[in-house]
Amino acid sequence: MSFDWPLALVSLVVAPALLLAYWLLLRRRRKQAVRYSSVALLRTVLPKRKRWQRHLPVALLLAGLVALAVAAARPHVMRDVPYARTSVILALDVSGSMCSNDVEPNRLAVAQVATRAFVKRQPNDVRMGLVVFSGFAELVVPPTNDREALLTAIDGLTVGRGTAIGGALLKGLDAVAEVNPGVRPVGDVPETEPPPQATTPGASGYVPDIIVLLTDGRNTRGVEPLDAVPYVVERRVRVYPVGFGTTNPAGRACTPAQLGGDVFDRFGGGGFGGGGFGGGFRRSAVADEPTLKAIAARTGGTYHAAKDAGQLQKVFSDLPNDVATQREGSEVTWLVAALGALCAAAAVAASLRWSPFP
């Protein structure tokens with residue numbers, strides 16, 4: 001259990017203080033008791049009640065005060081949220097390196113097949129959205145239960161220049177914010193703006209929504225991924241990065257449809273026909289595992305690596321097992337306050353029942 005206002009727990013000292021005062025009062029009454037020669041006569045005058053009946057009103061009152069003090073601190077409890085309540089945001093890399101055919105026929109085609117299978121396996125009540133990124137990130141399909149819209153968008157993926165992993169994380173948060181009012185949108189974050197102070201992931205529980213980030217390279221544009229992570233941690237969203245491709249990218253072999261014509265121009269223009277990679281471009285075509293692992297560790301997710309089609313299929317098939325339930329904090333102030341009020345009312349009722357006014 002955690003508390004929003006832990007300082008309010010200081011008021012708990014009232015209960016033991018009152019208990020001490022009650023005990024002292026009982027001792028004082030015993031010392032000041034009048035001695036009667038006729039015990040039988042005294043018993044006929046005193047109300048008939050058991051010892052526990054005499055102390056029960058005080059015990060109930062003290063329990064009520066303790067409960068109200070705890071309620072004042074605004075307690076939260078952790079609970080498991082079923083996977084069916086999760087919104088899954090797929091953030092897919094469509095940079096030029098996805099044309100590499102070290103994974104046949106090329107990385108993008110294999111990613112499309114694996115992603116389609118993942119989408120089809122999800123329960124109908126799971127909302128799914130699609131973010132694609134190259135030089136910048138774009139929300140192509142907002143979170144929805146319409147699987148056909150999502151599959152159509154996956155089939156039509158096209159490549160562009162650059163890799164904006166940090167931008168994809170921020171755009172994924174905005175997608176989550178569209179369906180979860182408990183998550184604030186980020187919007188456009190200036191590169192000069194200092195990120196929020198990151199807190200321990202999951203300190204107040206996680207929201208049930210997650211981001212699955214698939215990339216085959218390292219960040220080359222926009223906000224650095226680890227600079228975007230504090231925004232993710234602040235909003236309690238878990239990220240599951242997937243590093244795809246081998247460490248030895250081969251030639252580029254995207255189809256005309258994957259190059260995309262006018263659609264492709266939105267992602268930066270230029271062409272990625274056949275041929276190999278230059279030295280600098282080759283380095284950017286290998287998944288940045290240290291950064292991806294850091295993203296997973298800092299956001300509460302897990303990192304997965306896939307070097308071929310079979311491994312990628314397995315990663316996607318295993319993901320539902322990783323996110324079958326989410327830990328979420330739920331405020332129970334009203335419940336504890338109601339318990340305290342109930343105890344106080346019971347104390348009054350018990351006092352009237354066994355110690356009525358003359």
Side-chain angles (χ1 to χ4, degrees), residues 90-118 130-138 154-169 212-222 224-226 239-261 263-296 303-316 319:
L90 297 170
L92 302 182
D93 189 342
V94 291
S95 60
S97 58
M98 291 292 286
C99 287
S100 175
N101 60 3
D102 58 339
V103 181
E104 294 184 353
N106 59 48
R107 294 177 178 179
L108 182 57
V110 171
Q112 287 172 304
V113 171
T115 305
R116 283 180 59 88
F118 177 69
L130 178 64
V131 171
V132 298
F133 62 98
S134 54
F136 63 91
E138 179 180 3
I154 292 171
D155 289 339
L157 292 178
T158 57
V159 297
R161 292 185 181 276
T163 306
I165 297 175
L169 292 175
V212 178
L213 174 79
L214 185 147
T215 180
D216 70 336
R218 62 185 62 247
N219 193 80
T220 61
R221 303 281 179 89
E224 289 296 323
L226 297 185
V239 180
Y240 292 78
V242 179
F244 184 43
T246 69
T247 57
N248 186 30
R252 295 165 292 181
C254 271
T255 66
Q258 290 173 331
L259 293 177
V263 178
F264 164 71
D265 290 338
R266 296 180 307 168
F267 295 96
F272 294 100
F277 294 104
F281 200 51
R282 180 181 295 273
R283 286 190 296 273
S284 66
V286 176
D288 184 2
E289 285 202 336
T291 297
L292 297 179
K293 289 179 179 179
I295 292 173
Y303 171 72
H304 301 266
K307 298 185 182 301
D308 55 38
Q311 290 182 11
L312 186 60
Q313 288 280 3
K314 186 178 186 306
V315 165
F316 276 112
L319 276 175

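Along the sequence shown, the residues carry numbers beginning at 1. What you see is a predicted model, and the numbers here were worked out from it, not measured in a lab.
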Using the test salt bridge (charged side-chain N to carboxylate O under 4.0 Å, His left out), find all partners of Lys314 that sit at least two apart in sequence or belong to another chain.
-> Asp318
Under a 4.5 Å cut-off applied to non-hydrogen side-chain atoms, are Val315 and Tyr240 in contact?
-> no
Under 3.5 Å, side chain of Gln258 to main-chain N/O of Thr255, donor-acceptor pair present?
-> yes
Spacing of CG belonging to Leu169 relative to CD belonging to Glu224, to within rounding of 0.5 Å = 11.5 Å
Looking only at heavy atoms, what is the nearest atom pair of Gly135 and Arg221, with distance?
-> O-CB, 3.5 Å
Would you say Phe133 and Glu138 make side-chain contact, with heavy atoms under 4.5 Å?
-> no
Would you call Ser100 and Asn106 a side-chain contact if the rule is heavy atoms closer than 4.5 Å?
-> no
Do Val103 and Phe244 have side chains that get closer than 4.5 Å, going by heavy atoms?
-> yes
pair Ser97-Val159: side-chain heavy atoms closer than 4.5 Å = no
All heavy atoms of Pro105 vs all of Val110, minimum pair found to be CD-CG2, 4.3 Å
In Å, rounded to the nearest 0.5 Å, how long is the span from OG1 of Thr291 to CD1 of Ile165?
-> 7.5 Å
From CZ (Arg161) to OG (Ser134), nearest 0.5 Å = 10.5 Å
Value for CG (Leu213) from NE2 (His304), rounded to nearest 0.5 Å, stands at 12.0 Å
Is the closest side-chain heavy-atom distance between Phe316 and Thr115 below 4.5 Å?
-> yes
Going from CG on Leu312 to CG on Asp308, what distance comes out if it is rounded to the nearest 0.5 angstrom?
-> 8.5 Å
Taking the side chain as C-beta and beyond, is there a heavy-atom pair between Leu157 and Leu108 under 4.5 Å?
-> yes
Leu214 side, atom CG; Phe118 side, atom CZ - distance, nearest 0.5 Å = 11.0 Å
For residues Thr163 and Asn219, is any side-chain donor paired with an opposing acceptor at under 3.5 Å?
-> no
Results of salt bridge (charged side-chain N to carboxylate O under 4.0 Å, His left out) for Asp155 - residues two or more places apart only = Arg116
Across all chains, not counting sequence neighbours, the salt bridge (charged side-chain N to carboxylate O under 4.0 Å, His left out) partners of Asp93 are none
Heavy-atom side-chain contact between Val242 and Thr215 under 4.5 Å | no
